[in-house]
Each structure stands twice: as structure tokens, then as C-alpha cells.
Amino acid sequence: MYIVKVLVEHAIYKLDTTYDYLSKYQVLAGCRVHIRFGYQQLVGYVVECQETLFTQKQLEEKNGFKYSFIQDVIDQKPLLNQELQELANYLSKQTLSTRISCLQCMLPPQLKPSTNHSVGIKYQKVVSFVKDIPLKTTKQQEALNYIKEHDLLPIKDYPFSTALLNNIEKQGAIIYKQVEVYRNPYNEHLQQEDYPLTTSQQKVVNQILASFHQFKTFLLYGVTGSGKTEVYLHLSRFVIEQGKTVLMLVPEIALTPMMVSAFKSRFGKSVAILHSKLSAGERYDEYRRIIDDEVKIVVGARSAVFAPLENIGLIIMDEEHDASYKQESPPRYLTSQVARKRGAYHQCPVVLGSATPSLESYSRALKGAYELCILSQRVNQKPLPQIELIDMVEEMKAHHYEVLSRKMKAKIQETIDKNEQVILLLNKRGYSSYVRCLDCDEVLKCPHCDVSLTYHKDTHTMRCHYCDFQVPYQQKCSHCGSTNIKLIGSGTQKIEEYLQNNFINSRVIRYDVDSTRKKQGHHQLLKQFENQEANILIGTQMIAKGLDFENVTFVGVINADLSLNIPDFRANERTFQLLEQVSGRSGRGKKQGTVMIQTYNPDHFVLQCVKNHDYQSFYQKEMEMRKLAKYPPYCYLISILVQGKKEDDVTFCSQQIKEYLVKQLPKAIVLGPANCTIYKMNDIYRKRMTLKITNTTHVYEVLHAMSDYYNKKGRKVNVICDFNPYTTI
DNA sequence: AGCACGCCGACT
DNA sequence: GTCGGCGTGCTC
């Protein structure tokens with residue numbers, strides 16, 4: 001008989017221990033099993049299996065609890081190989097998350113140790129009309145009529161509150177249904193030859209290949225348009241020819257279409273694509289192809305770092321500084337850390353590429369922990385685009401109060417008159433429209449979260465971006481009843497309207513979360529823009545990355561300051577990266593590109609560095625500030641979020657935690673507890689502390705103890721630790 | 001997490 | 001008197 005140690009599927013701290021089951025046959029570690037767990041029927045993950053000579057009865061007497069048998073074994077062979085099993089353990093320790101959550105995030109939906117197999121398949125709640133019945137209020141009747149005309153729309157897209165819909169549902173006039181959200185992966189690709197490399201590209205390739213069979217981290221710092229992709233392709237070609245495999249990581253979706261086609265067109269079927277927008281089925285197919293050894297290159301977003309490739313010869317992380325490489329839900333891992341761990345295991349080079357490296361990486365490169373490779377020129381020898389800062393204070397003085405300055409307006413018209421294209425970046429944070437009453441000054445807020453509701457023109461509703469609460473837009477103040485209401489701020493939708501009204505021959509494409517949600521979203525809109533069906537592309541951060549349109553000669557940034565003023569230690573860095581990246585979209589073809597940036601602080605060093613394309617100065621200045629304020633790369637950060645339903649409990653416990661931390665970690669600096677920017681979210685109060693440490697020795701024990709204590713059921717608050725948080729607000 | 005058990009308030 | 005509210009405890 002065998003004793004099988006099993007982790008159960010629920011990813012909570014309290015259940016992060018193994019439970020012993022019995023089995024007549026041996027079960028390999030890494031297989032899933034069906035088990036009874038109390039009154040529940042669950043899926044478990046086997047971590048160990050030992051033979052025993054005791055009988056069930058003897059064991060029960062010896063250990064004082066009941067044993068039950070495993071019901072059946074789901075997998076014939078382990079889901080993860082040795083390397084990845086060890087990686088899961090490493091990850092759970094590093095990120096203070098449950099072991100099962102690490103295993104879940106490494107596997108595609110169908111293979112996750114979880115009862116609910118639809119996890120990962122994206123479902124959407126839609127409203128379905130049932131019958132006409134007399135309803136209690138005219139409002140409900142109105143809503144029902146609307147639903148009748150727009151049957152089967154996602155619940156979010158109706159201009160009525162969920163409360164109202166729920167009410168109608170209770171009365172039986174409509175029902176909710178779950179519908180799978182499906183997207184097609186990109187497919188049609190022509191076979192293409194590699195381009196010859198420039199001498200500087202070749203130099204970089206040689207530099208990296210010199211340590212082809214050893215673990216070493218390279219930082220490839222190449223200005224926008226310097227042809228990093230071509231370097232990746234050549235490196236990959238070499239590595240596959242040596243019989244090894246390549247792991248290529250890219251930021252979330254925005255960049256994927258172009259990078260994907262670059263790899264697919266060169267390497268065809270031996271490329272597998274992994275990213276979150278694939279349907280569960282597609283993802284599973286790609287995963288199988290990797291396991292079955294049909295694949296030499298995996299291109300994917302963050303979670304692809306766990307791709308079950310064997311014999312990896314090269315790991316590339318493009319746009320290394322990108323925020324999407326940090327997972328913001330458990331396990332809150334840093335992709336670069338996992339990538340380097342795998343690089344060490346496989347003894348292969350890890351290449352981090354960026355035009356605007358993170359300060360952490362660049363300082364490591366300067367210290368020699370990483371090897372620095374530089375591409376300082378654009379491939380076509382074109383100079384980087386000319387950047388002009390436009391002082392919006394001057395505009396105000398000249399009594400010009402429109403969103404676009406006179407200069408930028410003229411430049412846009414000039415560009416589209418020449419049949420060239422324009423990209424406009426709206427730095428969106430805090431820039432969406434909300435409703436304010438001019439009489440009592442009341443702002444319409446979400447009842448569950450501490451944020452104002454945002455106006456959505458298409459559905460004529462006010463929505464919360466955090467909990468999806470929505471109400472129809474009303475010309476009346478909910479507080480004082482006044483009809484003197486004003487919509488404030490300009491989101492992308494409003495700017496889109498402005499552009500259409502103010503420019504002759506403008507054809508505008510809006511590229512933001514709302515417009516890309518539908519169908520093939522991204523791909524389709526970008527295709528339209530590429531085919532010159534539109535001449536102005538307006539969007540938020542999403543447009544800053546990886547887009548490569550030859551005919552774009554002008555890039556405008558509407559408000560550069562908003563992200564500078566966010567009270568986060570990375571605000572400068574992020575602003576620099578964003579502006580530098582978006583500038584790089586201009587003048588990629590044969591024609592010279594220009595950029596205009598509207599700002600209220602034209603003298604700010606970040607903007608000056610952007611203007612001069614001067615990463616070095618930016619790096620120096622920002623490092624000085626980090627050193628003074630003691631922020632990374634001069635220390636490690638750990639963010640501790642305390643949340644609970646009652647405000648008093650949160651206040652009390654966070655103070656208690658602070659005292660504990662100060663006592664246990666005398667060398668650490670503990671900032672806070674402070675209210676989170678969104679103090680109340682989904683009816684839960686949140687406070688945050690930030691821990692600064694220079695040495696990680698005792699930290700894990702201390703934090704584990706704290707997390708064990710608070711993350712039990714029945715505690716008044718719970719605590720989330722985040723090692724190396726990306727943001728501290 | 002999910003389920004049972006158990007102890008208190010407002011109802012036929 | 002009982003139905004059902006959710007606090008507490010347990011699952012190999």
C-alpha cells in the first residue's frame with residue numbers, strides 16, 4: 001500500500017499543506033487525482049508517494065486521523081517535469097503564495113489541478129429575453145423593451161444598472177446566460193527569408209553567441225527602430241540549428257501580432273504561441289505541441305515563461321522594462337526572475353531587450369552582473385525623430401483652451417494633407433470623464449469603491465472601472481437634485497469626436513480597452529490603420545509599444561504630465577519609457593518623423609531627456625533620486641496590503657503588523673500604514689505598508705509567520721505580500 | 001473553499 | 001414553538 005501526499009485544489013493559505021491519502025498502486029508525483037475532501041469532491045495534485053507496510057487501521061491509530069483512498073488517478077504521466085516541479089516550489093517560497101497557486105499558473109486551463117474545467121475559458125454573462133410580463137415600474141419596462149431589441153448582449157453593455165437587471169430577472173422576464181468569449185489566433189503567414197544584419201547587429205549577435213552554452217544575462221539596449229527583432233530572429237535561428245529550443249517572451253498582447261508574425265513567417269510550424277487571449281482549447285493545443293516536441297520556439301506573454309520546453313538554448317525577454325511582466329495576482333512573480341532561474345537550470349543565455357531599460361537592469365549591467373549589448377542606431381540610418389515640447393501654460397496665456405495646441409493642430413492637418421498618418425497618445429490616467437454637479441459640487445461616485453464613475457458615451461452609462469458597477473447617465477444630481485450637471489475631462493471617446501469635428505478629411509481609429517474588447521479587436525483595428533483606411537490613430541498606453549507603421553510621420557502626446565504626477569516612485573521612469581516608446585512610432589519608414597509633446601512642465605528633467613533622446617542623463621538623474629529616497633535599485637521593496645470589511649479592524653491590525661515588522665526586522669524601513677489610493681474597493685477597506693530592505697535573510701521567516709497568522713479564516717483582515725511590487729500606490 | 005454544526009432573533 | 005440568519009470549525 002502507498003501513502004500519497006496531495007495538495008488540494010483550493011489556493012488558500014490555510015490549505016497549503018499536503019493531505020495523506022491511500023492508494024493500492026503507486027502514483028507518480030505530478031499527477032492529478034480525484035479525492036474526497038471532507039464533504040467535497042476535489043482534484044488534488046500529488047507531490048509525493050511512499051510505500052508503507054502499515055495497514056489503514058494501524059496508520060489511523062498511529063496518527064490520529066482518518067485516511068481515505070484516492071478515488072482515481074487523472075494523469076498517466078506527471079504534468080510537469082522535474083525542472084518545473086522544482087520551479088513551482090521555488091516560486092511559492094519567493095512570492096509567499098500557496099504551492100497550488102503556482103502549479104495552477106504554470107499549466108493551461110485544461111490541465112490545472114481544479115474541478116472547474118471551464119476555468120480559463122473566458123465566459124461572459126449575457127442577458128437573454130424570456131417573455132413580456134407586466135413589470136413593477138416603468139423604468140423596468142423601459143429596460144425590458146431595450147433588452148427585447150438588443151437580445152443576448154453582455155451584461156456590461158446594457159445602459160442599466162445591474163440592480164435593475166437583477167430585479168427584472170427575479171420577476172422572470174429575462175434570464176442570464178454564460179457565453180464563451182472566443183478569439184481567433186493569427187494564422188495566415190508567408191514564408192520569409194532572414195534579412196541580412198547590419199554590422200552593429202552582427203556584433204551583438206556574436207557577443208551573445210560567445211557564451212551560447214552558459215548561463216549569462218545580457219541586457220540588449222537598443223534604441224527604438226534599431227532592429228532588435230532581427231537580432232532575436234538570428235539568435236533563434238542559430239540556437240535551433242544547434243538542436244536546442246528558444247523561449248521568447250513579449251509583453252501582453254499589444255505587441256504580439258507583429259512579433260508573432262515575425263516569428264511565424266520565419267520559422268513556420270515550429271513556433272508555438274502562448275498568450276492569455278487564446279481560447280482554452282487553442283492554448284491546450286499549443287501546450288500539447290510543446291510537450292510532444294513539435295515545437296522549437298515558444299513565443300508568449302508572461303506565463304509562457306513556464307512553457308514545458310526541454311533543452312532550452314536561449315531565453316529572450318523583449319521590452320524587458322514592461323509592467324506586464326509582473327504578475328499582479330498570486331503568485332506575484334517577476335518574469336525576469338523566473339527566466340533567469342530557468343536560464344541557470346538550462347545553462348543558456350538570457351537576453352533582456354529594451355529601448356528604455358528598467359533602472360534595475362541597467363544598473364546591474366553597469367555593475368557587471370549583466371553583460372551590456374548596445375544598438376545605438378536605427379537600421380535605416382534615419383535619425384531619431386525630432387521632438388518638440390509644447391508649453392501648455394503659454395497656450396493658456398494666449399487664451400487658447402482647447403485640448404490640442406495650435407501648433408499641434410496645424411501639424412496634424414499638415415500631416416494628413418500629405419496623406420501621411422498620425423498617432424496620438426492620450427496619457428489617460430485620471431483623464432476619463434466624470435460627472436460633477438455645479439451647484440453642490442458633488443461628484444458621482446461608485447457606491448462600492450472609492451472612485452468616481454466614468455462616463456461611457458456608447459452605452460450612455462456611468463461605470464466603475466474597478467467593480468463594473470453601472471447606472472444610466474442622468475441629467476440630475478443624485479445629491480441635491482439639480483440639473484446643472486457637467487461632464488468633466490476628456491477620454492479617448494471625447495477626443496475622437498473632437499478630431500472628427502476639427503479636421504478636414506480625418507478618419508479616426510480609437511484604440512483603447514473599449515474599442516478592442518470586441519471580436520478580433522486589436523488585430524482588426526491595426527490592420528485597418530495599416531491599410532490606410534484611417535489617418536489618425538488615437539489611444540492610450542496600448543499604442544506605445546511595438547507598432548510599426550511606415551507611413552506614420554507624426555506622433556502627438558496630448559498630456560505628458562499626468563503620469564509624472566502619480567505619487568509612485570516609478571512615475572518618472574514610466575513616463576520616460578512611455579514617451580520614448582511612443583516617439584519611436586514616428587518616422588519608421590523612409591520619411592523623417594516628428595513628435596510633439598504637450599506639457600505644463602516643459603523644464604522637467606524627464607521631458608528634457610525625452611526631447612534629447614538621452615537615456616543616459618535620465619538614468620543618472622533618476623538614480624540619484626532613488627538613492628536619496630532609498631528606492632530600488634538601492635533596496636528591495638515589499639508591499640504589504642491589509643484589507644478587511646470593517647474600517648476599524650483594518651486600522652488596528654495594520655498598526656499591529658507594523659509594530660511586529662519593526663520589532664522583527666530592526667534594519668528594515670517600514671513606511672505606512674497608509675490608505676491605498678482607492679481606499680475602499682468593492683466594499684473592502686485597504687491600507688498599505690511598504691517595507692524597504694537591503695538584505696533578504698530573515699524576511700521570509702518573518703513574513704511567512706505574519707501571513708500564516710492573518711490569512712486564516714475568521715480573521716478580521718487579510719494580508720497580501722508582494723515582493724518587488726511594480727507600483728506602491 | 002465549501003459544507004455542517006450550533007446558537008440566537010422574528011415569524012406561522 | 002420553528003425557520004433561518006451567519007459565526008466557527010474541519011477536511012487526510
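Each chain gets a letter, A, B and so on, in the order its sequence line appears, and its residues count up from 1.
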In whole angstroms, the gap separating P of dC12(C) from CD of E9(A) amounts to 14 Å

Please report, rounded to the nearest Å, how far the C1' atom of dC12(C) is from the NZ atom of K57(A). 19 Å

Nearest heavy-atom pair of K658(A) and P673(A): which atoms, and what distance? CD-CD, 3.7 Å

What's the NZ-P distance between K5(A) and dC12(C), to the nearest Å? 14 Å

Could you check how far CD of Q71(A) sits from P of dC12(C), rounded to whole Å? 11 Å

Spacing of Y13(A) atom OH relative to dC10(C) atom P, expressed in whole Å: 23 Å

Taking the six-membered ring of Y90(A), is NZ or CZ of K341(A) closer than 6.0 Å to its centre and within 45° of its axis? yes

Remember a base hit wins even if backbone is also touched, and classify L15(A) as base, sugar-phosphate or nothing at under 4.0 Å, heavy atoms. base

Would you mind reading off the distance between F37(A) atom CZ and dA1(B) atom C1', rounded to a whole angstrom? 9 Å

Give the rounded distance in Å between these two atoms: CD1 of I3(A) and C1' of dC12(C). 10 Å

Selected nucleotide, minimal atom distance to F65(A) side chain, candidates dC12(C), dC3(B), dC10(C): dC12(C)

How are the rings of F306(A) and Y333(A) set to each other: parallel, tilted or perpendicular (split at 30° and 60°)? perpendicular

One thing to verify: whether E60(A) and K57(A) come together as a salt bridge, which I'm taking to mean a side-chain N less than 4.0 angstrom from a carboxylate O. no

Value in whole Å for how far the P atom of dC12(C) lies from CD1 of I35(A): 8 Å

State whether Y19(A) places a side-chain N or O below 4.0 Å from either non-bridging phosphate oxygen (OP1 or OP2) of dT11(C). no

